[in-house]
**Student:** 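Before I ask anything, here is the structure I am working with.
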Amino acid sequence: MTKIRAAITGVGGYVPDTILSNKDLERLVDTNDEWIISRTGIRERRILKEPGKATSDMAVMAVRDLLSKRGLEPDDIDLLILCSVTPDMIFPASANLITHKLGTSKPWGFDLAAACSSFLYGLHVGAQFIQAGTHKRVVVVGSDKMSAIVDYTDRNTCILFGDGAGCVLLEPSEDDCGIMDAILRSDGAGAEFLRQKAGGSLNPPSHETIDAREHFVYQEGKTVFKFATTNMADVSRRIMDRNNLSAEDVQWLVPHQANKRIIDYTAEIMGLPEEKVLMNIERYGNTTSATLPLLLWDYEKQLRKGDNLILATFGGGFTWGSMYVRWSYNS
Ligand code: COA
């Protein structure tokens, strides 16, 4: 019997118009363009400025882009998974808000949070519904309005993050293309190094938590950096090895965009030259759940049917993982 795989058959994306450059940040905190570029690779990021607009609105724009490119309607979706650490509100799930704004109540949906690894986890979860044969069209969206939880008085974190949304459509494929393998990991021992200290059930919002700025991203950058470099490289190398892929067999590395130095190290361990590494960190910074689909969106025209892609990620939690995808279409 032919194996049914979940294939990525469409990509959509959206970034807000407003640009926050390194020069703009120089006016907010004690930093400079040269330091940010050399330590992170980031030149600018996009910020969702419009009042009343949230993570779901960017997701809606990305999904509309995907549907129009594929000639589909919102009712054609069976399941929508929103991957995000900045949902519009804690409940109801923002997936419901997205489908409502798209004008449909046909798909069911839910939110999935695994910090910067959310999208890769979501892709793996979505693929299960396709492989099981119970769903024909699953949309996996990564959308984050990081500007809502970033402290623009903290130079350690505010330089890193940006806003954006990207999504993919998963459909069944019988031509040996699609999601071939995945390694997903998590280790809660890392939780203390990258987190939002207040706002949840442990420390509900109060005047004290607001005064202590505990609703913003807290990060011990050096520890996260060390963890990320070692582990993203490790899972990326391991997924190549267990699928007998040499560096020549891999056409593209699609890495989480957190820091160019972490990406360069991962590519080096995989033996991949720079031209095989997809990168847009310079323009968008770290958009958390949106980095991987935004890369696929930006580079879609260069991806050819049959190309071997390695998706790789890491994030708070700690969470990390890699996925081997054989690309399924020419656009
Ligand atoms: N501008 C200028 N100087 C800065 C700065 C900024 N924005 N932020 C920190 N510095 C200073 C520090 O205060 C320190 O000064 P000191 O030596 O006088 O104490 C110096 O630069 C070096 O700081 P350090 O924290 O060691 O820098 P780094 O090389 O580790 O880079 C990060 C900092 C945050 C860029 C880096 O640690 C990182 O990318 N970590 C991982 C972050 C990440 O990927 N997070 C997302 C996970 S999904």
**Student:** For a side-chain contact (heavy atoms from CB on, under 4.5 Å) check, start with the C-alpha distance between Lys23 and Glu26, then their side-chain angles and the critical distance, and finish with the verdict.
**Tutor:** CA-CA 5 Å; Lys23 286 276 172 215; Glu26 285 180 11; 3.6 Å; yes
**Student:** Determine the minimum heavy-atom distance between Met240 and Ser246, stating which atoms define it.
**Tutor:** CE-C, 3.8 Å
**Student:** Do Tyr218 and Phe216 sit in the same hydrophobic cluster, where Ile, Leu, Val, Met, Phe, Trp and Tyr count as joined when their side-chain heavy atoms come under 4.5 Å apart?
**Tutor:** no
**Student:** Heavy-atom count check: over 12 atoms from other residues, nucleotides or ligands less than 6.0 Å from Ile210 CD1?
**Tutor:** yes
**Student:** Report yes or no: does Glu44 contribute a side-chain atom to a donor-acceptor pair with the main-chain N or O of Ile19 at less than 3.5 Å?
**Tutor:** no
**Student:** Take Leu82 and Leu97, measure what side-chain contact (heavy atoms from CB on, under 4.5 Å) needs, and give me the verdict at the end.
**Tutor:** CA-CA 10 Å; Leu82 172 69; Leu97 307 176; over 6 Å; no
**Student:** Does Asn231 reach the main-chain N or O of Ala228 with its side chain, forming a donor-acceptor pair under 3.5 Å?
**Tutor:** no
**Student:** Let me confirm one number: the CH2-CG distance from Trp35 to Asp30, rounded to the nearest 0.5 Å.
**Tutor:** 11.0 Å
**Student:** Answer yes or no on whether Lys305 is positioned over the face of Tyr329, meaning its NZ or CZ is under 6.0 Å from the six-membered ring centre and within 45° of the axis.
**Tutor:** no
**Student:** Taking everything shown except Arg237 itself, do over 12 heavy atoms lie less than 6.0 Å from its CZ?
**Tutor:** yes
**Student:** Using side-chain heavy atoms (C-beta onward) and a distance below 4.5 Å, is Thr319 in contact with Phe314?
**Tutor:** no
**Student:** Got a sec: does the CG of Asp211 have more than 12 other heavy atoms crowding it under 6.0 Å?
**Tutor:** yes
**Student:** Kindly indicate, with the supporting measurements, whether the criterion side chain to side chain donor-acceptor pair (under 3.5 Å) is fulfilled by Asn243 and Arg238.
**Tutor:** CA-CA 9 Å; Asn243 288 281; Arg238 280 208 292 131; over 6 Å; no
**Student:** If you round to the nearest 0.5 Å, how far is CG of Leu245 from CG of Asp181?
**Tutor:** 9.5 Å
**Student:** So, the side chain of Asp111 versus the backbone of Ser94: is there a donor-acceptor pair under 3.5 Å, distance only?
**Tutor:** yes
**Student:** To the closest 0.5 Å, what do you measure between SG (Cys83) and CG (Leu112)?
**Tutor:** 5.0 Å
**Student:** Determine yes or no for a side-chain-to-main-chain donor-acceptor pair under 3.5 angstrom, with Arg45 supplying the side chain and Tyr284 the backbone.
**Tutor:** no
**Student:** Kindly give the heavy-atom pair with the smallest separation between Ile281 and Ala258, and that separation in Å.
**Tutor:** CD1-C, 3.5 Å
**Student:** Under the side chain to side chain contact (heavy atoms under 4.5 Å, CB included) test against Phe119, which residue among Thr287, Val141, Val168, Thr288 passes?
**Tutor:** Val168
**Student:** Start with the C-alpha gap between Arg213 and Thr153, add the side-chain angles, then the distance that decides, and say whether side-chain contact (heavy atoms from CB on, under 4.5 Å) holds.
**Tutor:** CA-CA 10 Å; Arg213 308 185 82 76; Thr153 66; 3.6 Å; yes
**Student:** State plainly whether one hydrophobic cluster holds both Leu28 and Met146, where clusters connect Ile, Leu, Val, Met, Phe, Trp and Tyr through side-chain heavy atoms under 4.5 angstrom apart.
**Tutor:** yes
**Student:** Any luck finding a side-chain donor-acceptor pair between Gln219 and Thr157 under 3.5 Å?
**Tutor:** no
**Student:** Determine whether Lys276 and Gln251 make a side-chain contact, defined as any pair of heavy atoms from C-beta on separated by less than 4.5 Å.
**Tutor:** no
**Student:** Would you confirm whether Ser38, through its side chain, and Glu34, through its main-chain N or O, come within 3.5 Å as a donor-acceptor pair?
**Tutor:** yes
**Student:** Find the distance between CG (Asp264) and CG (Leu272) and round it off to the nearest 0.5 Å.
**Tutor:** 11.5 Å
**Student:** Can you give each donor-acceptor pair under 3.5 Å made by side-chain atoms of residues 98-110, sequence neighbours left out, with the distance rounded to 0.1 Å?
**Tutor:**
from: Thr99; atom 1: OG1; to: Ala95; atom 2: O; distance (Å): 3.2
from: Thr99; atom 1: OG1; to: Asn96; atom 2: O; distance (Å): 3.1
from: Lys101; atom 1: NZ; to: Ser56; atom 2: OG; distance (Å): 2.7
from: Lys101; atom 1: NZ; to: Asp57; atom 2: OD1; distance (Å): 3.1
from: Lys101; atom 1: NZ; to: Asp57; atom 2: OD2; distance (Å): 3.4
from: Thr104; atom 1: OG1; to: Asp75; atom 2: OD1; distance (Å): 2.6
from: Thr104; atom 1: OG1; to: Lys106; atom 2: N; distance (Å): 2.9
from: Lys106; atom 1: NZ; to: Asp75; atom 2: O; distance (Å): 3.1
from: Lys106; atom 1: NZ; to: Ile77; atom 2: O; distance (Å): 3.3
from: Lys106; atom 1: NZ; to: Asp78; atom 2: OD1; distance (Å): 2.9
from: Trp108; atom 1: NE1; to: His135; atom 2: NE2; distance (Å): 3.0

**Student:** How close do Thr313 and Ser117 get, heavy atom to heavy atom, and via which atoms?
**Tutor:** CG2-OG, 3.6 Å
**Student:** Regarding Asp298 and Arg283, does a basic nitrogen lie under 4.0 Å from an acidic carboxylate oxygen?
**Tutor:** yes
**Student:** Measure the CD-CG distance between Glu220 and Leu194 for me, rounded to the nearest 0.5 Å.
**Tutor:** 9.5 Å
**Student:** Return the minimal non-hydrogen interatomic distance between Val85 and Ser118, and the atom names on each side.
**Tutor:** CG1-OG, 4.4 Å
**Student:** Between Phe318 and Trp320, does the ring centre distance come in under 6.0 Å?
**Tutor:** no
**Student:** Is Tyr265 isolated, or which residues cluster with it under the ILVMFWY side-chain rule of less than 4.5 Å, directly or via members?
**Tutor:** Ile269
**Student:** Would you check if Glu300 and Lys69 make a side-chain contact, meaning some heavy-atom pair closer than 4.5 Å?
**Tutor:** yes
**Student:** Can a donor-acceptor pair be found, under 3.5 Å and without considering hydrogens, that links the side chain of Ser322 to the backbone of Ile239?
**Tutor:** no
**Student:** Is it true that Val254 and Leu66 fall in one hydrophobic cluster, defined by side-chain heavy atoms closer than 4.5 Å?
**Tutor:** no
**Student:** In terms of hydrophobic clustering (I, L, V, M, F, W, Y; side-chain heavy atoms under 4.5 Å; direct or indirect links), are Met232 and Tyr324 co-clustered?
**Tutor:** yes
**Student:** Would Ile8 end up clustered with Leu72 when hydrophobic side chains under 4.5 Å apart are linked, directly or stepwise?
**Tutor:** no
**Student:** Would you say the side chain of Leu67 lies within less than 4.5 Å of the side chain of Arg64, judging by non-hydrogen atoms?
**Tutor:** no
**Student:** If you round to the nearest 0.5 Å, how far is NE2 of His124 from CG of Leu311?
**Tutor:** 13.0 Å
**Student:** Applying side-chain contact (heavy atoms from CB on, under 4.5 Å), run through Thr31 and Ile159 and close with a yes or a no.
**Tutor:** CA-CA 9 Å; Thr31 190; Ile159 57 158; 4.3 Å; yes
**Student:** Check Arg195 with Glu214, please: is the shortest side-chain N to carboxylate O separation under 4.0 Å?
**Tutor:** no
**Student:** What are the two closest heavy atoms between Ala312 and Leu292, and how far apart are they?
**Tutor:** O-CD2, 3.9 Å
**Student:** Any side-chain heavy atom of Ser147 sitting closer than 4.5 Å to one from Tyr152?
**Tutor:** yes
**Student:** Asp249 and Asn308: side-chain donor and acceptor closer than 3.5 Å?
**Tutor:** no
**Student:** Answer yes or no: is there a side-chain heavy-atom contact under 4.5 Å between Glu174 and Ile4?
**Tutor:** yes
**Student:** Going by heavy atoms in the side chains, are Asn203 and Glu208 under 4.5 Å from each other?
**Tutor:** no
**Student:** How close do Ala113 and Ser84 get, heavy atom to heavy atom, and via which atoms?
**Tutor:** CB-O, 3.5 Å
**Student:** Between Asp176 and Arg326, does any side-chain N to carboxylate O distance fall below 4.0 Å?
**Tutor:** yes
**Student:** If we ignore hydrogens and angles and just use 3.5 Å, is the side chain of Glu171 paired with the main-chain N or O of Ala7 as donor and acceptor?
**Tutor:** no
**Student:** Is any side-chain heavy atom of Pro293 less than 4.5 Å from a side-chain heavy atom of Val11?
**Tutor:** no
**Student:** Is it the case that the side chain of Asp33 and the backbone of Arg43 share a donor-acceptor pair, with hydrogens and angles ignored and the cut-off at 3.5 Å?
**Tutor:** no
**Student:** Take Thr86 and Asp144, measure what side chain to side chain donor-acceptor pair (under 3.5 Å) needs, and give me the verdict at the end.
**Tutor:** CA-CA 6 Å; Thr86 53; Asp144 266 307; 2.5 Å; yes
